[in-house]
There are 2 protein chains.
Amino acid sequence: MDKKTPNIQDVAREAGVSTATVSRAISNPSVVSAATREAVLEAIRSTGYHTNMVARNLRQRRTGAIVVLVPNLGNPFFSRILAGVEQAAAQAGFSVLIVDTKQPHANENQLFTYLHSARADGLIVLDGSLPLEFLGEMDAPGRMPPIVFACEWIADSPFSKVVIDNEAGSATAVRHLHELGHRRIGHVMGPPGNVLTETRREGTRAALADLGVEIAPEWFFSGDFSLHSGVEAARQWLTLKRRPSAVFCASDQMACGFISELSMEGYSVPDDVSVVGFDDIDIAQRFIPPLTTIHQPRTQIGTTAAKALIERINSEGRERTIAHQVLTVELVERKSTAPLGQSAVKQD
Amino acid sequence: MDKKTPNIQDVAREAGVSTATVSRAISNPSVVSAATREAVLEAIRSTGYHTNMVARNLRQRRTGAIVVLVPNLGNPFFSRILAGVEQAAAQAGFSVLIVDTKQPHANENQLFTYLHSARADGLIVLDGSLPLEFLGEMDAPGRMPPIVFACEWIADSPFSKVVIDNEAGSATAVRHLHELGHRRIGHVMGPPGNVLTETRREGTRAALADLGVEIAPEWFFSGDFSLHSGVEAARQWLTLKRRPSAVFCASDQMACGFISELSMEGYSVPDDVSVVGFDDIDIAQRFIPPLTTIHQPRTQIGTTAAKALIERINSEGRERTIAHQVLTVELVERKSTAPLGQSAVKQD
DNA sequence: GCGGTGCCTGTAATCGATTACATCAAGCTT
DNA sequence: AAGCTTGATGTAATCGATTACAGGCACCGC
């Protein structure tokens, strides 16, 4: 009754040839005669056949899929990166599996399992806080599937990565504020332990030091990249006696939260404080005020990482070279920053 | 030299048992004796064995994966839905493949191929504009993999879906504006042909008619859910001689764009216009002003759709019932709406 | 007329698991 | 003591493709 889905044997029978010929007609058409090819194609059409990818994958010992480990799928920052990955992967005929590393997975180490289980040919990791053991056990030579880190990474680990220059970006932000005359510059940080937090904080600190500007510990607000932590930082700012006249936030989301909370409390950006963000997420250019921020080429990060990974996969793993690609970021000046003193924060 | 990854035979040899026993020890431990089980587990440990999923999938004729068809991965609206899907899928031991339907795929009909190729056991479709033929050809009984639509859907198609009540949501938005005293109410629409566009437009129109309020064609602004189309709508609004004193936007992104552009032109929300959004995306509560909007339970939509799909998959396809789940939406009152006349739009 | 060359196609092994069926030993019933 | 049940394990078929290898056939030159 419910006829099962046709397989290559059905096609072979229908076309009056062997399965080998069908297979060849599909994946290497030039080696079969034109007549046979036609017959096979016709049989494929009439049976409604589609190649069973699982069988092909088993035989070829590759899956045509890559998995992306995302720290938090709910965070819109990653959407464009995923889009970039998907785009490059699709172009190369790969499909994309996504896994949220923060989610409790059915199998405690299911995440780990992905790597060995021949479910995917390679891995893009966007989460630098992944316990290294997960990846480390695969150190056995010849066993480790190709891995590329993107955005975040694990310090001193032997993996390729596609990242941006966080120090340079932070320095650019700080210098921009300095050029506008600001001398009290604060920084809203990411979550503790995160590489991005650290590199951006260090970039900020170094630039500040370079410019010979005051560095006050209480002007380094803790955060976690989220909208809400920007709000918290703003509340912190409000309690300060000596307030920074400008704040560089390590993410746009925090910048938005920061500005929003200040605005609710009757302060205005950039009149009372200048704010610079980081990322240039979609909403940044239409926030009120439009956010001055450090633009990250998010889609490009995704495509670059995917291409690097796929190239590695296709090179049959012979190439054990570790490549670090650093994409450049740039300042986008909009309306959330202004020269100090226009109507600036009251000086003590 | 580079020893290939161990397979079940290696484990069997190491443990001195047959492959059948190894397989049983893994997936049905209760049927093997304790001693054997221990020996097998030890052998697994010592060889570093991991089940090859592709082989298992081939034999069991299931993949343990579902694919999600997303209209535009770059749109942050979908991030939480994906997160919900991933969460529910992970809990049930499924992995998630994502495909951007707007992306040009390597293989013209690769998208279509996903369905037959035994790459996935089922499908969640978030794109209602998918040509029905893609799905239609699978009408052959017993061949069609389970499909669940979410958010968007195809009118009159025989597929299960998880959606929200768009008409009710729109009506709620309109009534809210009406209660505030507004009598000139505009609507910024989604892209033409989209089900959400239509249901929200109809919900709006019906509510307007119900309330006996003027319905002017020029107050229905065209858009496409994007930030930028909200900007365009604002420009349109500015050209009007008789302007609506309140506007209901079919997406938060458009609402943000609308407010942003107006703000740049010196108008203020809600003093000059009240604005209601739709979706309640993350930024809504921290926009300036915080957006009054129709809240969609996005994560829940994702988990619900995934659960429905997985249940269908696990029921072995015997159940051909089509279930439509409608989740409720609610108005979240924030600061982008205000009573008419406080300082309202100049009446002619 | 015979071996050599290409071109096409078929046979059968293979990828790595799962699982229906067979087997076998031990314990129990009557 | 024969027969039956039960539990543990092994044997081998199977899932659906790909591909190494082996023909078969036509055509060629000598």
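Only heavy atoms go into these numbers, but all of them, side chains included; no hydrogens, no water, no symmetry mates. Per chain, numbering begins at 1; letters A, B, ... match sequence-line order.
Using a distance-only test at 3.5 Å, with no hydrogens or angles considered, no donor-acceptor pair links the side chain of E14(A) to the main chain of A43(A).
Under the 3.5 Å distance criterion, with hydrogens and angles disregarded, no donor-acceptor pair is assigned to the side chains of D10(B) and T47(B). Residues T63(B) and D121(B) bring a donor and an acceptor atom of their side chains to less than 3.5 Å of each other. With 3.5 Å as the limit, one finds a donor-acceptor pair spanning the side chains of N194(B) and E152(B). A side-chain N or O of D127(B) and one of T101(B) form a donor-acceptor pair less than 3.5 Å apart.
Listed by residue number, the members of residues 25-40 of chain A with any heavy atom below 4.0 angstrom from DNA chain D form an empty set.
Here dA17(C) presents its P atom at 12 Å from CG of N57(B), a figure rounded to the nearest Å. Nucleotide dG16(D) holds its C1' atom 18 Å from the CZ atom of R62(B), rounded to whole Å. Per the geometry, CD belonging to Q9(B) stands 10 Å off C1' belonging to dA17(C), to the nearest Å. We find that CD1 of I8(B) is positioned 6 Å from C1' of dA17(C), with the value rounded to whole Å.
Here Y49(B) does not reach the OP1 or OP2 of dG16(C): none of its side-chain N or O atoms lies under 4.0 Å away.
Atom-to-atom distance recorded for Q325(A):CD and Q300(A):CD is 9.0 Å, nearest 0.5 angstrom. Note that CZ of F159(A) and CD1 of I322(A) are 8.0 Å apart. Values are rounded to the nearest 0.5 Å.
Scanning for side-chain contact (heavy atoms from CB on, under 4.5 Å) contacts around S23(B) gives I8(B), S27(B), with sequence neighbours left out.
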### Task
Scan nucleotides 10-15 of chain C nucleotide by nucleotide, 5' to 3', and note B when protein non-hydrogen atoms come under 4.0 Å of the base, S if they reach only the sugar-phosphate, - if neither.
BB-BBB
